[in-house]
Amino acid sequence: MIFISVKQNRILIFGAGVIGSAYAIKFIEAGIDVTMYARSNRFKTLKENGLQYNEKGVVKSLKVKVIDTLENDDVYDFIFVTVRYDQSESALLALKDNQSKNIVTMTNNSIGFSAWLDIVGERLLPAFPGAGGQIKDGILYARFPPKILIAAMFGEISGLVTARVENLAQLFKTAKLPYAINKDMKAYLITHSISDIALVGALHFENKIIEEKTARTRKTAHRITFTLKMYLRAIQKAGVAINPSVFKIVLKCPDLILDLFFMMWLRTKMVKDMLLPDYANNANKEIVQLNNDLLKFLSQNDI
């Protein structure tokens, strides 16, 4: 009898925050060879305690390979970059000389891929995660919303469905993770960045976190409505498709209806968590850079 061995994918998750940790758990549980890259206290915690996470109120721990130094000849089938947008360029610079051929950037982007391509070239495979949550006292509290709400999104910059895109899709299937292949990742990421700028940005005023009582007002909700419509119209003028197209509903919907919808959203537990200082301060750094880069992108297109 002849046994045909199936090649085992080697994955590096570069960034051990919420997104990296959430995907690491799913991939490890699916039997995939996963290594995590972490620094400082997070490296020490993972090394000593494993990957700790909360599952239905029970804290569990998963053994994980973790490194804090990456050699250039330490090659992986896929490197997932799971850091905030404001940290993405420094992360890619750290990977510049590594010989791995596929670098999957699972983060926001509001300006396009030129700067990233200058660093890692055609190895770049843009993506966006379909997970969220937070880490409290070293323990991950992950959220994987239903696919109908959000799924991991990825695709080639060219829009072609290549062999590596199909291989990545197979990886997500193996881990039973919801995903979708998107043929215009630039448009998708810019559109998504606008939603984050509007939603997260509304919870800050003059770079300070607003109070929970203020967050629930119509004034805050209308700030979201106004920002969404303004930027969605602007990117259309710049020739960027609204992607996913469901966001076009925002432009057709009366302000009053949108304000009421966002007032309800502003009362959810998700928003309450987003107002926590650690979460809010980190999120605000990302939003500030996303907004600055989006304005730069629009000015380059005379908008």
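Throughout, numbering of the chain's residues begins at 1 and tracks the sequence. Computed from a prediction, not measured in an experiment: that's the story for all the values here.
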Can you tell me how far the [atom1] atom of [X] sits from the [atom2] atom of [Y], to the nearest 0.5 Å?
X      : Y      : atom1 : atom2 : result
Leu51  : Thr45  : CG    : OG1   : 11.0 Å
Thr35  : Lys65  : OG1   : NZ    : 4.0 Å
Tyr188 : Asn109 : OH    : CG    : 12.5 Å
Met185 : Ile190 : CE    : CD1   : 11.0 Å
Arg233 : Leu251 : CZ    : CG    : 5.5 Å
Ser61  : Leu140 : OG    : CG    : 11.5 Å

I'd like to check [X] versus [Y] (side-chain heavy atoms, cut-off strictly below 4.5 Å). Are they in contact?
X      : Y      : value
Met106 : Val81  : no
Tyr179 : Met153 : no
Ile67  : Asp74  : yes
Phe154 : Pro126 : no
Lys285 : Arg84  : yes
Thr105 : Phe113 : no
Asp33  : Asn9   : no

Item to check | Chi angles and distances behind the side-chain contact (heavy atoms from CB on, under 4.5 Å) call for Ile287, His204 | outcome: CA-CA 10 Å; Ile287 295 306; His204 296 80; over 6 Å; no
On a heavy-atom basis, which atom in [X] and which in [Y] lie closest, and how many Å separate them?
X      : Y      : answer
Ala16  : Ile135 : O-CD1, 4.0 Å
Val66  : Lys47  : CG1-CD, 3.7 Å
Ala151 : Ala180 : CB-N, 4.4 Å
Leu124 : Trp116 : CD2-CB, 3.9 Å
Arg123 : Lys96  : NH2-O, 2.9 Å
Leu203 : Ala215 : CD2-CB, 4.1 Å

Would you mind writing out the side-chain donor-acceptor pairs for residues 22-29 within the sub-3.5 Å range, not counting sequence neighbours?
{"from": "Tyr23", "atom 1": "OH", "to": "Gly130", "atom 2": "N", "distance (Å)": "2.8"}
{"from": "Glu29", "atom 1": "OE2", "to": "Tyr53", "atom 2": "OH", "distance (Å)": "3.3"}

Next on the checklist: Quiz question: by atom type and distance under 3.5 Å, do the side chains of Thr217 and Thr220 form a donor-acceptor pair?
Outcome noted: yes
Item to check | From Val250, Leu228, Leu199, residue fulfilling side-chain contact (heavy atoms from CB on, under 4.5 Å) relative to Ile194 | outcome: Leu228
[X] side-chain N/O to [Y] backbone N/O, donor-acceptor pair under 3.5 Å:
X      : Y      : value
Ser158 : Leu160 : yes
Thr227 : Ala198 : no
Thr214 : Ile210 : no
Asp77  : Ile11  : no
Ser21  : Val18  : no
Arg223 : Ala202 : yes
Thr107 : Val83  : yes

Side-chain donor-acceptor pairs of residues 237-246 under 3.5 Å, sequence neighbours excluded:
{"from": "Asn243", "atom 1": "OD1", "to": "Asn182", "atom 2": "ND2", "distance (Å)": "3.2"}
{"from": "Asn243", "atom 1": "ND2", "to": "Asn182", "atom 2": "OD1", "distance (Å)": "3.1"}
{"from": "Asn243", "atom 1": "ND2", "to": "Asp184", "atom 2": "O", "distance (Å)": "3.4"}

Any chain of hydrophobic side-chain contacts (each under 4.5 Å) joining [X] to [Y]?
X      : Y      : answer
Leu125 : Ile13  : yes
Phe172 : Ile150 : no
Phe262 : Ile249 : yes
Ile32  : Ile103 : no
Leu46  : Tyr141 : no

Is [X] atom [atom1] crowded by more than 12 heavy atoms from other residues, nucleotides or ligands, each under 6.0 Å away?
X      : atom1 : value
Asp137 : CG    : no
Phe261 : CZ    : no
Phe226 : CZ    : no

Side-chain donor-acceptor contacts of residues 291-298 below 3.5 Å, not counting sequence neighbours, with atom names and distances?
{"from": "Asn291", "atom 1": "OD1", "to": "Tyr231", "atom 2": "OH", "distance (Å)": "2.6"}
{"from": "Asn292", "atom 1": "ND2", "to": "Val288", "atom 2": "O", "distance (Å)": "3.3"}
{"from": "Asp293", "atom 1": "OD2", "to": "Tyr85", "atom 2": "OH", "distance (Å)": "2.5"}

Item to check | Ionic contact status for Asp68 with Arg42, cut-off 4.0 Å | outcome: no
Checklist entry - Is there any side chain to side chain donor-acceptor pair (under 3.5 Å) pair reaching into residues 161-174, and which pairs are they, with sequence neighbours excluded? => result Asn102-Arg164, Glu156-Thr162, Glu156-Arg164
Checklist entry - Restricting to pairs with a member in residues 251-269, which pass side chain to side chain donor-acceptor pair (under 3.5 Å), not counting sequence neighbours? => result Arg218-Asp259, His222-Asp259, Thr225-Asp259, Lys229-Asp255, Lys269-Asp273
Checklist entry - Who passes side chain to side chain contact (heavy atoms under 4.5 Å, CB included) against Ser100, sequence neighbours left out? => result Val75, Tyr76, Ile79, Asn98
Checklist entry - Does the separation of the ring centres of Phe80 and Phe14 fall below 6.0 angstrom? => result no
